Amino acid sequence: MAVAGDGHILHGMHFNHLDLNLLVALDALLAEQNITRASRRLHLSQPAMSGALARLREYFGDDLLAPIGRRMVPTPLAESLAGPVRDILLKVETTVQIRPEFDPARAQRHFKLLMSDYVSIVLMTKALPLIQQIAPQVTIELLPYSDRPWESLERGEVDALIQPTQYIHEGHPAEALFEDSYTCIAWQENQLIGESITLEEYLALGHVAVRFGQQRLPAFDEWFFDHYGHTRRIEIITASFSTLPQFVVGTTRIATIHQRLADFYLRFLPLKRVAPPVEMPHLTEVIVWHRYRNRDPALLWLRNILRQCVDSPPPQ
DNA sequence: TTCAACTGGTCTCAGTCGAG
DNA sequence: CTCGACTGAGACCAGTTGAA
């Protein structure tokens with residue numbers, strides 16, 4: 001036991017009088033703003049978390065989380081600590097995780113990737129078999145498109161996200177993976193539609209559209225037609241690209257989806273491709289990773305694999 | 001250097017307290 | 001009353017001490 005200059009008694013391992021494990025507790029406490037939930041996150045009992053908060057309060061000389069009514073509200077000091085502490089822990093995590101070499105044949109790495117189900121269908125269906133061949137011990141977890149994919153990346157909850165260029169933010173490195181364009185699909189036996197379609201015909205049909213997450217964010221096609229003042233009659237809203245083509249089959253409805261996704265489903269479903277009534281811009285899917293993982297050879301390897309998996313066409 | 005006994009901090013469990 | 005934060009008792013274990 002040692003006594004520090006300011007009279008604090010020190011036990012165990014400390015960094016400038018602070019037990020660094022308390023930062024882990026602080027991060028969980030500030031993220032949850034609730035002691036019980038923070039304790040579950042760290043697999044501790046509620047009293048243990050309460051004790052950690054008491055030690056943090058002692059160290060900082062501040063309540064950090066103060067009860068207001070039934071809620072625990074962070075103090076201004078706690079607010080100002082939240083971002084930097086999260087950043088430090090992420091830096092620690094990436095530091096201890098990185099190995100100078102990535103040996104695919106033996107590596108046991110687990111990757112968490114966030115992407116739309118469209119990307120998982122057109123990209124991961126090709127990438128996963130290849131990854132199993134080259135890196136049999138690597139495991140992959142695909143996370144659904146949330147309302148705030150960028151926050152998941154910032155918080156280090158995912159290794160990378162894959163999304164269209166228009167949604168990327170500054171501050172983290174990104175790399176293009178593949179391009180795609182849009183097409184319409186209809187049921188093969190839909191007599192109302194031929195190989196092409198006029199805008200009037202298009203707008204007269206019922207549409208199947210996709211919206212994501214809690215906020216029900218529209219997919220690009222919906223945004224595009226709204227933006228140009230063309231009101232489509234959306235009769236079916238579904239939550240995933242993978243269900244959308246099946247909701248066109250057996251109906252006179254139409255859907256506007258990615259070429260590559262259409263190619264995929266044309267192999268299984270009685271669908272026909274219809275050229276969109278107006279020219280739609282191409283989209284580029286990019287992979288974005290946290291700047292702290294920039295030097296991670298494992299991620300570099302994964303990016304190379306993913307790039308290999310998309311052979312050039314569709315965009316025409 | 002190694003080992004056993006000891007020490008102190010943090011854990012869990014059980015229970016209390018206070019707000020809504 | 002219910003829910004969630006806090007408190008106290010005892011267990012557990014990492015780190016320290018001191019002897020061989």
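Chain letters run A, B, ... following the sequence lines, proteins first, then strands; residues in each count from 1. Everything quoted here is computed from the prediction, not taken from an experiment.
Applying the 6.0 Å contact sphere to CD of A:Gln132 captures no more than 12 heavy atoms from other residues, nucleotides or ligands. The environment of CZ in A:Arg291 is crowded: more than 12 heavy-atom neighbours from other residues, nucleotides or ligands sit within 6.0 Å.
Residues A:Tyr182 and A:Phe224 fail the side-chain proximity criterion, which asks for heavy atoms closer than 4.5 Å.
Judged by distance alone, the side chain of A:Thr183 and the main-chain N or O of A:Val274 form a donor-acceptor pair under 3.5 Å. Of the possible polar contacts, none joining the A:His258 side chain to the A:Val119 backbone as a donor-acceptor pair under 3.5 Å is found. Of the possible polar contacts, none joining the A:Asp63 side chain to the A:Ala66 backbone as a donor-acceptor pair under 3.5 Å is found.
Distance A:Arg71 CZ to C:dG4 C1': 13 Å, rounded to the nearest Å. As a whole-Å value, the separation of A:Leu65 CG from C:dG4 C1' is 13 Å. In this structure, CG of A:Leu53 is placed 10 Å from C1' of C:dC6, rounded to the nearest angstrom. Protein atom CZ of A:Arg37 is 14 Å distant from nucleotide atom P of C:dC3, rounded to whole Å. The CG-P distance, from A:Leu56 to C:dC6, rounds to 12 Å in whole Å. Rounded to whole Å, atom P of C:dC3 lies 18 Å from atom CD1 of A:Ile35. With rounding to whole Å, A:Tyr59 atom OH is found 15 Å from B:dT10 atom P.
Listed pair A:Arg57 / C:dC6 meets the phosphate criterion, a side-chain N or O lying under 4.0 Å from OP1 or OP2. Under 4.0 angstrom from either OP1 or OP2 of B:dT10 there lies no side-chain N or O belonging to A:Asn21. Residue A:Thr36 places at least one side-chain N or O closer than 4.0 Å to OP1 or OP2 of C:dA5.
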**Prompt:** Are A:Asp159 and A:Lys112 close enough, and set up right, to give a salt bridge (Lys or Arg N to Asp or Glu O under 4.0 Å), and what steps lead you there?
**Reply:** CA-CA 5 Å; A:Asp159 292 289; A:Lys112 286 188 188 174; over 6 Å; no
**Message:** Run the salt bridge (Lys or Arg N to Asp or Glu O under 4.0 Å) test on A:Arg307 and A:Glu175 for me, step by step, so that the C-alpha distance in whole Å, both residues' side-chain angles and the decisive distance to 0.1 Å come before the verdict.
**Reply:** CA-CA 9 Å; A:Arg307 266 203 322 275; A:Glu175 181 178 87; 2.5 Å; yes
**Item:** Derivation and outcome, salt bridge (Lys or Arg N to Asp or Glu O under 4.0 Å), residues A:Glu154 and A:Arg86
**Value:** CA-CA 9 Å; A:Glu154 276 286 348; A:Arg86 179 66 239 166; over 6 Å; no
Can you name the atoms? Protein N/O to nucleotides 17-20 of chain B N/O, anything below 3.5 Å, with the distance.
none

What does the list of N/O pairs under 3.5 Å between the protein and nucleotides 11-16 of chain B look like, with a distance for each?
unit_1, atom_1, unit_2, atom_2, d
B:dC11, OP2, A:Arg55, NH2, 3.0
B:dT12, OP1, A:Ser45, N, 3.3
B:dT12, OP2, A:Ser45, N, 2.9
B:dT12, OP2, A:Ser45, OG, 2.3

